[in-house]
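A quick write-up on the structure given underneath.
Convention: sequence-line order gives letters A, B, ...; per-chain numbering from 1. None of the values given here were measured: they were computed from a predicted structure.
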There are 2 protein chains.
Amino acid sequence: MTTNQLDRTLSALADPTRRAILAQLTSGERTVTELAEPFEMTMPAVTKHIKVLEKAGLVERSRDAQKRPCRLRAAPLKEVSDWIEEYRQSWEESLDRLGGYLQELQSTGRGHGRKEHIGSRKNKRRK
Amino acid sequence: MTTNQLDRTLSALADPTRRAILAQLTSGERTVTELAEPFEMTMPAVTKHIKVLEKAGLVERSRDAQKRPCRLRAAPLKEVSDWIEEYRQSWEESLDRLGGYLQELQSTGRGHGRKEHIGSRKNKRRK
DNA sequence: TTTATATTTTATCTTTTAGTAAATTAACTA
DNA sequence: TAGTTAATTTACTAAAAGATAAAATATAAA
């Protein structure tokens, strides 16, 4: 199976350490040492995680003396976002059904249920 | 590392076979045999993929005689969507920079470049 | 040149993942 | 009851992922 960009991005994201690294990078460049600090993990382990992120195009690096600062490149996330949008309607419908069910529970036996504005999110799509 | 819901969802999605299974389920319920048909893979292999999706809460199953129809449960994708939204501004900025660069290429040497709004996003940092 | 700092490479280990073939279970059908 | 269909379980293999310790590389600073 030819591993494409979406595969690389999603499997990079599937690891909590790597997501935490990306989160650190949202506030700016960080060296490997800085990135490694919050984790109970050796430097080589962090280096490896960074490489996975780099291959997925989620991290870019430069050089500053002995340091190799990393910065976030979020562009590949757009592809994930686009993929997931195909399913938005599907999950909104199911959440609506849940909402409707809860509401029904509430109003049952109370005689004044106000269900009208519930369970009707189908056309509330983000532009 | 305690594997949470987001981990399970993302690693389930990181496999192209499993994403293809989800795609098949968008048009309705499917049996394991039907789901397996497009793949060059044995049934047990598909059964395993379905189990991964099931544990991530992305697929739910019922019973119809010997058949075990699968249906899509897209709700866990909302969590992925919410996670990724945190990065939207970040990737939109970088795509803007790319757009700006292309625009700059176009206008260079034409005598009426409108570069003012280009390449000047340094202080547009996320709150 | 020696020393300190930052990071990577190499070699190794363990666990997880993805797949298979063969046997088994479960339910319908003749 | 025997046979068929649908799916799973079991046992096994190969490859990938995640981590480590120790050695190596690269750069700056004394």
Once you round it to whole Å, what is the distance between P of D/dA7 and CZ of B/Arg30? 13 Å

Can you check the A/Lys67 NZ to D/dA28 P distance for me, whole Å? 11 Å

May I have the distance from A/Glu37 (atom CD) to C/dT5 (atom P), rounded to whole angstrom? 17 Å

The side chain of B/Thr31 is closest to which nucleotide in this list: D/dA28, D/dA7, D/dA6? D/dA7

Name all residues meeting the salt bridge (Lys or Arg N to Asp or Glu O under 4.0 Å) criterion together with B/Asp82; count only those two or more places apart in sequence or in a different chain, and write none if there are none. B/Lys78

Please report the distance, rounded to the nearest Å, between CG in A/Leu53 and C1' in D/dA17. 14 Å

Atom pair NZ (A/Lys67) and CZ (A/Arg61), whose distance is rounded to the nearest 0.5 Å: 14.0 Å

Spatial distance of atom CG (A/Leu25) from atom CG (A/Leu58) [nearest 0.5 Å]: 10.0 Å

Indicate, with yes or no, if B/Val52 and A/Trp83 share a hydrophobic cluster defined by side-chain heavy-atom contacts under 4.5 Å among Ile, Leu, Val, Met, Phe, Trp and Tyr. no

If the sugar-phosphate is the primed atoms plus P, OP1 and OP2 and the base is the rest, what is the B/S/- string for nucleotides 9-24 of chain C, using protein heavy atoms under 4.0 Å? B--------SBBSB--

Return the value, rounded to whole Å, for the distance between atom CZ of B/Arg68 and atom P of C/dA26. 11 Å

Provide, to the nearest angstrom, the distance between the CZ atom belonging to B/Arg61 and the P atom belonging to C/dA26. 15 Å

Over how many whole Å does the gap from A/Glu34 atom CD to C/dA6 atom C1' extend? 11 Å

Output the single nucleotide from C/dT7, C/dC28, D/dT27 whose closest atom is nearest the side chain of A/Val32. C/dT7

Do B/Asp64 and B/Thr31 touch side chain to side chain, with heavy atoms closer than 4.5 Å? no

Taking for each residue the nucleotide of DNA chain D with the nearest heavy atom, is it A/Gln66 or B/Ile50 whose nucleotide lies nearer the 5' end? B/Ile50

State the OG1-CZ distance between A/Thr47 and A/Arg68, to the nearest 0.5 angstrom. 10.0 Å

Starting at CZ of A/Arg19, measure out to CG of A/Asp15 and round the result to the nearest 0.5 Å. 7.5 Å

Rounded distance in Å - CD1 (A/Ile21) to P (C/dT7): 13 Å

